[in-house]
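Have a look at this one.
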Amino acid sequence: MQDENTLREVAKDCVHCGFCLPVCPTYQLWAEEMDSPRGRIYLVSQILDGAPVSDSAAEHFDRCLGCMACMTACPSGVQYDQLIEAARVWTEEARSSGSAVAAEPEAGASPAGVASPGGDADAGVAEVRGADGDRDAEPAVPSVPVAGRRALRDRAARAAIFALFPYPRRLRAAVAPLRLAQRTGLDRRVARSSLPGRVSPALGAALRLAPDGPLPAAAASRLPSRVPAIGTRRAVVGMLTGCVQSVFFPQVNASTARVLAAEGCDVIIPRNQGCCGALSSHSGREAEAAAFAKQTITMFEQAGVDAIVVNSAGCGSAMKEYERLLGGTAHFDAGAGWAERAAEMSAKFIAEIGPVARRHPLPVTAAYHDACHLAHAQRITRQPRELLRAIPELNLVELPDAGTCCGSAGVYNLLQPEAASELGDLKAESVLKAGAPLLISANPGCSLQIAAALAARGEHIAVAHTAEILDMSIRGLPVRL
């Protein structure tokens, strides 16, 4: 997280023009100023000026998807990602401790008006810090109501999510009962009932999002530690297998490795990979995210690779922010080069080295969905389309709202299921309007979200990852619709 003075300067860049409003998903849903980027920047500025994190402010921060569409639209170049990242950290601290009054911060801790755990919850006021970091002698800014702890059900859901999803082995074990339920049809009967949602909205959302059809067996996720290049070796790359990707979409990892090998890359796949920190980072769990980041850096540094290839948009976006995440730590220097080393598979890396493998025709019409953390956070939109359009006979069409979030946003669709469901329904309508029998996405969360939204309408469209389509073309396989 950036320091307080940097955040102040970033917030000042906002000129309140309103260009962010029509592209913000939550503003589209509710037309509430404080549920827009402009409104949230105002709240961040208040907190930086000494106001505690109120329940209302925390709710507005929680509702943000972090899709970064506002950054694409902003004519002033406001780095909203830095502001919402800080806001999530403050919210998590305040709502974990039930206290949001100021405490003496350590390096990289919350700014004035936001307590570290253990702060005086009864003080009711927030100290104001000067630009040099010293306390002013002025009276504190009057307090607004401070954020209380999250409800027990919400805390339990978050604890379960972050105890499972960042750990592929645990996640695989947890979905084993779901695999059994799918075989017996029990999952469909349970999903149609209201019981899971009454027990926990997150549980109900998880059942709705579970992939339709049998889940891949654990053996399907096992890849060799090294996939040799076909023909002349042009690069040695490491491949991140991901958490959700490796459990729910292992075939995407297999396709990624084959495509890279066909393009002349030795692919190194370290064993026992863990989370890159994306889920934690996008949810304000800064210390947890930093620990995952350090493990990931160490793992790939030991692998001795030229670049790290990532086939999940959210993971790639998070890894490119390692320098900011690890600022002020012993791993800062190691994190500094990752913006260049973490390359999105289908776009940045293959497009830069130049595709050489022969493409066979794929006579199909496909719509391309822009994953937010690829299109907005990483500004990668052109390269995936160019690679796909280079496939003979593949007709690529655009979605009417290509730049709008589908509602997945990491674990947002589990923690904010109602808003996510509305956005998913809007995206499903857009997909259906495109009229293509195949949808291509570069993010596992988007694939699950859109497929679930289509299923809720009684519709089915094949959903595939960019790597899978490239793999089919290179191998001369037909697209399965």
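By convention here, the first residue in the shown sequence is residue 1.
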Within the 4.5 Å heavy-atom criterion, are Leu240 and Met319 side-chain neighbours or not? yes
Considering all heavy atoms, the nearest Cys446-His369 contact: SG-NE2, 3.5 Å
Drop me the distance from Cys405's SG to Tyr412's OH, to the nearest 0.5 angstrom. 8.5 Å
Would you kindly say whether Ser76 and Asp13 are connected by a side-chain donor-acceptor distance under 3.5 Å? no
Exam field: side chain Gln79 to backbone Gly77, donor-acceptor pair closer than 3.5 Å: yes
Is Arg155 paired with Glu92 through a side-chain N to carboxylate O contact shorter than 4.0 Å? no
Could you give me the CA-CA distance, side-chain angles and deciding distance for Asn311 and Gln245, then say whether side chain to side chain donor-acceptor pair (under 3.5 Å) is met? CA-CA 9 Å; Asn311 58 18; Gln245 193 85 286; 3.0 Å; yes
Stepwise, does the side chain to side chain contact (heavy atoms under 4.5 Å, CB included) test hold for Leu279 with Phe292? CA-CA 10 Å; Leu279 293 178; Phe292 284 132; over 6 Å; no
Decide whether Thr466 and Arg385 meet the rule of one side-chain donor and one side-chain acceptor closer than 3.5 Å. no
Looking at Phe19, I want to see if its CZ is surrounded by more than 12 non-hydrogen atoms of other residues, nucleotides or ligands under 6.0 Å. no
Give the intermediate values and the outcome of side chain to side chain contact (heavy atoms under 4.5 Å, CB included) for residues Arg457 and Asp425. CA-CA 8 Å; Arg457 287 170 162 252; Asp425 188 58; 2.9 Å; yes
Any carboxylate oxygen within less than 4.0 angstrom of a Lys/Arg side-chain nitrogen, looking at Glu398 and Lys433? no
Side-chain heavy-atom pair Arg475, His360 within 4.5 angstrom cut-off: no
Evaluate the criterion side chain to side chain contact (heavy atoms under 4.5 Å, CB included) for residue pair Ile469 and Leu388; output intermediate values, then yes/no. CA-CA 8 Å; Ile469 300 302; Leu388 291 168; 3.9 Å; yes
Nearest non-hydrogen partners of Ala257 and Val267, listed with the distance: O-CG2, 3.9 Å
Given side chain to side chain donor-acceptor pair (under 3.5 Å), test Ser246 with Arg222 step by step and report yes or no. CA-CA 9 Å; Ser246 64; Arg222 298 192 189 105; over 6 Å; no
Looking only at heavy atoms, the pair that brings Thr72 and Ala375 closest together is OG1-O, 4.4 Å
Work out which heavy atom in Glu459 is nearest to a heavy atom in Leu432; give both atom names and the distance. CG-CD1, 3.9 Å
For the residue pair Glu32 and Tyr27, establish whether any side-chain heavy-atom pair is separated by less than 4.5 Å. no
What residues form a salt bridge (charged side-chain N to carboxylate O under 4.0 Å, His left out) with Glu386, not counting sequence neighbours? Arg382
Pair Asp62 + Arg88: basic N to acidic O under 4.0 Å: no
Taking salt bridge (charged side-chain N to carboxylate O under 4.0 Å, His left out) as the definition, give me every residue that meets it alongside Glu288, ordered by chain and number, with sequence neighbours left out. Arg285
Arg234/Asp306 ion pair, N-O < 4.0 Å: no
Side chain proximity check, Cys74 to Cys20, heavy atoms < 4.5 angstrom: no
Whether the Asp35 and Thr26 side chains hold a donor-acceptor pair (N or O, under 3.5 Å, no angle test) is what I'd like checked. no
Quick one: side chains of residues 268-275, donor-acceptor pairs under 3.5 Å with protein atoms, not counting sequence neighbours, listed by atom name and distance.
unit_1: Arg271; atom_1: NH1; unit_2: Leu223; atom_2: O; d: 2.9
unit_1: Asn272; atom_1: OD1; unit_2: Arg169; atom_2: NH2; d: 2.7
unit_1: Gln273; atom_1: OE1; unit_2: Thr241; atom_2: N; d: 3.0
unit_1: Gln273; atom_1: OE1; unit_2: Thr241; atom_2: OG1; d: 3.4
unit_1: Gln273; atom_1: NE2; unit_2: Met239; atom_2: O; d: 2.9
unit_1: Gln273; atom_1: NE2; unit_2: Pro270; atom_2: O; d: 3.2

Under 3.5 Å: donor-acceptor pair, side chain of His373, backbone of Ser317: no
Do Asp370 and His376 have side chains that get closer than 4.5 Å, going by heavy atoms? no
Arg170 side chain reached by Phe165 side chain, heavy atoms, under 4.5 Å: no
Test side chain to side chain contact (heavy atoms under 4.5 Å, CB included) on Cys315 and Lys320 and set out the steps. CA-CA 9 Å; Cys315 297; Lys320 289 179 179 180; over 6 Å; no
Does Ala420 offer a backbone N or O that forms a donor-acceptor pair with the side chain of Gln449 under 3.5 Å? yes
Would you say Thr404 and Leu426 make side-chain contact, with heavy atoms under 4.5 Å? no
Specify the closest pair of heavy atoms between Asp81 and Glu321, including all atoms of both residues, with the distance to one decimal. OD2-OE2, 4.3 Å
State, with a plain yes or no, whether a side-chain heavy atom of His465 is found less than 4.5 Å away from one of Ser255. no
Where Thr256 and Val309 come nearest, the two heavy atoms and their spacing: CG2-CG1, 4.4 Å
